[in-house]
Amino acid sequence: MDWDAMGAIASIVGILVAVGAGFIQMRIKPQREEIGKPTVLPSDNDHAAHISAPPAASIQPPLGRLPGRLHGRAEVLGQLSRAIRSQPERIQVIAGLGGIGKTTLALKLAEEARNRCMSVWWVNGADRVTLMTSMLGIAQHELNVPEPAIREAMSGRRNAADLFWNAIEQTATDGDRLLIIDNADDPQTVLTMTGDHVADGTGWMRASRKCSVVVTSRDRAPTTWGRLCELHLLGPLSPDAAADLLLDLVPGDSDRGAALAVGHRLNGLPLALHLAGTHISAEISQHRTFNAYLEALQTDFASTVCDQPISLAQQQANERHMITRTWELSLITLTEQGTEHAQAVARTLAEFTGGQVIPMEMLRAEIPAEGRRASKTRAIDVTALEGLDRMGLIDWSVPSEPRGIRMHDLVATTIRQHAPAIRRSSRSHWSTALHMLTAAAKTLDIRLPSHWPIWRLMVAHFEALLSTSATQPKRDQRQLLELAPSLVAMLRLSNAWHEAERLGAVAIAAADKLKRNEAILAGVQHNLATILECRGLYADSERLLRDVLHKRENLHGIDARETSHTRGNLAIVLTLQGRHAEALSIMKRDFRERTRLLGQEDPDTLRAGLNLADILFRSGDLDAAEQLTRDTLMIYERTLGGTYPDTLITRHGWARILHARGDFAAAADAYRDVQRSMEEVIGVSHRATLENLHYWGVLLSDQGQRAAAVSLLEQVLDSRRQVLGPDHPDTKETVEALLAAKNNPSPGEVTD
């Protein structure tokens, strides 16, 4: 006989023994006492007589697990209770992330149903054998299905689910029974019979007016459950509900503010909150208050949430109640379903900042395939991503955010902490995450405001990888830090100067620990020098730029792009200090060399032309400034469009030339048009937007429109004080312009 066949027969016989031996005590009709029934023993010639049967699972809901109060679930509990009473034919599915409180909510429903004198059956849906044993046990001992029919179902000669539900229809009255199938995390495997699908309603889960059905599952995909089911997605607790739960668990600490802070840090996840509260209230705990626990979270989040044994009973708890294992079970389920890359993808995503969106630009990244030269593969398997979403391990971003996914901070931390060691010959999850970050950076433009929200997310993920980079190969650490100059530059361009300076300091500290770090340091220092210029600290900026220029000439050569960037910024700082001749000498040479080496339409050449035109204007050479501005603007509008940031700055330069020429009407139109575009593209508070608005106000003053000029310049002054500070040169410039406007008489006004 085939060994597989023998194994199948043994399994069937073993299940039959469990059914016969274990369901005598499982009736839970609350309004009458349990009446024992004789155990169905195997006959002498039954091969299973010599097999030790496992104890049968109880079908009584474990109401002892219910907390004293259920927090934050009143709305969904009401929806479920009403559905069970008024729409028993609709299957209710409670779905969500592991540890989110699905079982607790189902237990509350079971308690309410018992209080209404309903019969409640509680079945474990974690695996097919346990479920089938429990359901056929209910059929035999609760619904009086004859033993021969049970045997036929066990042997496969009769559809077991049909047997159960036919018995329901024949014996139950409308609305007096509730079946709860808990932990059905792999519904397609556990809840179906051969060849059908969960959504068909032909397996163990069926719609019936005579028995309400509630299922809890980590699978939250609507396509899994179909139209017969009503899906209730559970999310984290609200801040107030999380604090209430913690205060219930820790009666010795009434500090609600601290409880709110702990709840926020634990993302409102009920399992984490319950473990934290139990830990804090334990006599042997090192953290007996919310503040002490919060401090431990801030010091070492991973160790605090992952390693908090309280008692032997807790250490021996079911894996679903252990924070270090609950989400691993979801990954195991996905693997068993055939989603082979789910675990690797989850561990890669866990390397990034938990709770922050991982944008599509990173998820679409292609990375070099291991062992194959010049071959690339998707870093993130789409099927694996769908599986993680189905299990609630990730969430898609909301419409107001860049398109992408996020993993809960707590989920990411625990998955990352307990990831198995990677073979030396294999790419680490950290390395894959690094490739995703660098590949995405190549598709984005630091100057394009529409890309700034994505760049900002990448800053957070960059810092997450940097914080765990110490154990990675030096070449990977260096590759990560090579992103720092672009990230700092983006923050500078988006007016986030303080954040840029902080990130620059972090990157420099990390680069100092590496060899061959000169190019990285020079790149970061270049951008820090330009931030000093933006803040009006021209002398400090000049000193740092000269130092960086010397480094870049030695590293890259005098004609390299990097060297030219620093040289151009040095010329700008010089002209802002009134040293126009020196600035012109540098910028004319730089523009000439860029045109020769890169061509007239290269972005670096155009930027050099834009800078040279500004220096020419400030030095009083209007003719040369006008010609160069016109040529540059024409190319920008043709190649990058009229609303690209560099195009907008050039349009502002053109408006100022018209203004200086005395063509007030044309200048006013130009200021107005570019102001509208700047506000839409780079924002109303951007330094460039405020500069254009300032000169528009000056133009109004020059036209004699004193009231309009004063109103506009007061608006600019208020904004510049908030954005730049009262001592910034731009702010002082507006103060002077406002004073002049107030003293400038309107046309026809008589003055002394």
Side-chain angles (χ1 to χ4, degrees), residues 2 4-5 7-20 23 56-57 59 88-93 95 121-172 177-219 221-229 231 333-334 336-339 390:
D2 187 286
D4 290 339
I9 292 172
S11 297
I12 292 172
V13 175
I15 293 170
L16 182 58
V17 173
V19 172
F23 281 87
I59 59 170
E89 72 279 4
R90 290 278 286 170
I91 301 165
Q92 306 300 314
V93 179
W121 300 320
W122 185 276
V123 175
N124 185 354
D127 66 84
R128 191 182 186 97
V129 172
T130 301
L131 178 76
M132 186 175 182
T133 302
S134 299
M135 297 294 275
L136 290 179
I138 294 170
Q140 183 175 3
H141 298 290
E142 295 289 310
L143 304 176
N144 301 315
V145 174
E147 181 184 333
I150 298 293
R151 289 181 177 274
E152 287 184 356
M154 285 292 186
S155 67
R157 297 194 304 273
R158 188 167 184 173
N159 186 293
D162 282 353
L163 178 69
F164 176 87
W165 284 104
N166 287 339
I168 288 287
E169 296 300 324
Q170 293 169 11
T171 62
R177 300 190 187 277
L178 173 62
L179 170 65
I180 298 177
I181 303 176
D182 190 34
N183 295 328
D185 299 335
D186 189 3
Q188 190 56 42
T189 299
V190 175
L191 299 180
T192 61
M193 306 305 290
T194 304
D196 59 7
H197 296 275
V198 175
D200 294 344
T202 56
W204 289 112
M205 193 183 70
R206 301 190 186 184
S208 169
R209 293 195 60 83
K210 296 192 174 184
C211 182
S212 298
V213 179
V214 173
V215 181
T216 75
S217 177
R218 301 185 184 201
D219 190 327
T223 52
T224 298
W225 304 104
R227 68 180 186 86
L228 298 177
C229 299
L231 194 58
T333 297
L334 288 173
E336 291 173 346
Q337 290 176 345
T339 310
R390 190 168 69 249

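All heavy atoms count here, side chains included; hydrogens, waters and symmetry mates do not.
With W225 contributing its side chain and V198 its backbone, the two residues share no donor-acceptor pair below 3.5 Å. Within the 3.5 Å criterion, the main-chain N or O of L178 finds no donor-acceptor partner in the side chain of S212. In this structure a side-chain-to-backbone donor-acceptor pair under 3.5 Å is present from R128 to T189.
Among residues two or more places apart in sequence or in another chain, the side-chain hydrogen bond (donor to acceptor under 3.5 Å, both in side chains) test is passed with R227 by none. By the side-chain contact (heavy atoms from CB on, under 4.5 Å) test, D200 pairs with D196, H197, T202, sequence neighbours left out. In this structure, the side-chain hydrogen bond (donor to acceptor under 3.5 Å, both in side chains) partners of E89, at least two apart in sequence or on a different chain, are R209. Residues that satisfy the salt bridge (Lys or Arg N to Asp or Glu O under 4.0 Å) test with D219, not counting sequence neighbours, are R390. For D162, the salt bridge (Lys or Arg N to Asp or Glu O under 4.0 Å) criterion is met by R206, not counting sequence neighbours. T130 meets the side-chain hydrogen bond (donor to acceptor under 3.5 Å, both in side chains) test with D127; sequence neighbours excluded. Partners of R158 according to the salt bridge (Lys or Arg N to Asp or Glu O under 4.0 Å) rule, which considers only residues two or more places apart in sequence or in another chain, are E152. Qualifying side-chain hydrogen bond (donor to acceptor under 3.5 Å, both in side chains) partners for T216, counting only residues two or more places apart in sequence or in other chains: D182.
Using a 4.5 Å heavy-atom cutoff, the side chains of L179 and M135 are in contact. Under the 4.5 Å side-chain criterion, counting only non-hydrogen atoms from C-beta, R177 is in contact with L143. Side-chain contact between C211 and W165 is present, with at least one heavy-atom pair separated by less than 4.5 Å. R218 places none of its side-chain heavy atoms less than 4.5 Å from the side chain of T333.
For the atom pair CZ of F164 and CG of N159, the computed distance is 12.5 Å after rounding to the nearest 0.5 Å. A distance of 4.5 Å separates CE of M154 from CG of L136, quoted to the nearest 0.5 Å. Summarising the geometry, atom CD belonging to Q170 is positioned 11.0 Å from atom CG belonging to N144; distances are rounded to the nearest 0.5 Å. One finds the OG1 atom of T171 at 10.5 Å from the CG atom of N166 (value rounded to the nearest 0.5 Å).
Here the closest heavy-atom approach between residue A167 and residue V145 is recorded as CB-CG2, 3.6 Å. Pairing each heavy atom of A221 with each of L231, the nearest pair is C-CD2, 4.4 Å. Shown here for A184 and P187, the closest heavy-atom pair between the two residues is O-CD, 3.4 Å. The nearest pair of heavy atoms linking W204 to V190 is CD1-O, 3.7 Å. Closest approach of M132 and A160 over heavy atoms only: CE-CB, 4.0 Å. Residues I91 and A207 share a closest heavy-atom pair of CD1-N, 3.8 Å.
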- Residue pair E147, Q140: steps toward the side-chain contact (heavy atoms from CB on, under 4.5 Å) verdict: CA-CA 7 Å; E147 181 184 333; Q140 183 175 3; 4.0 Å; yes
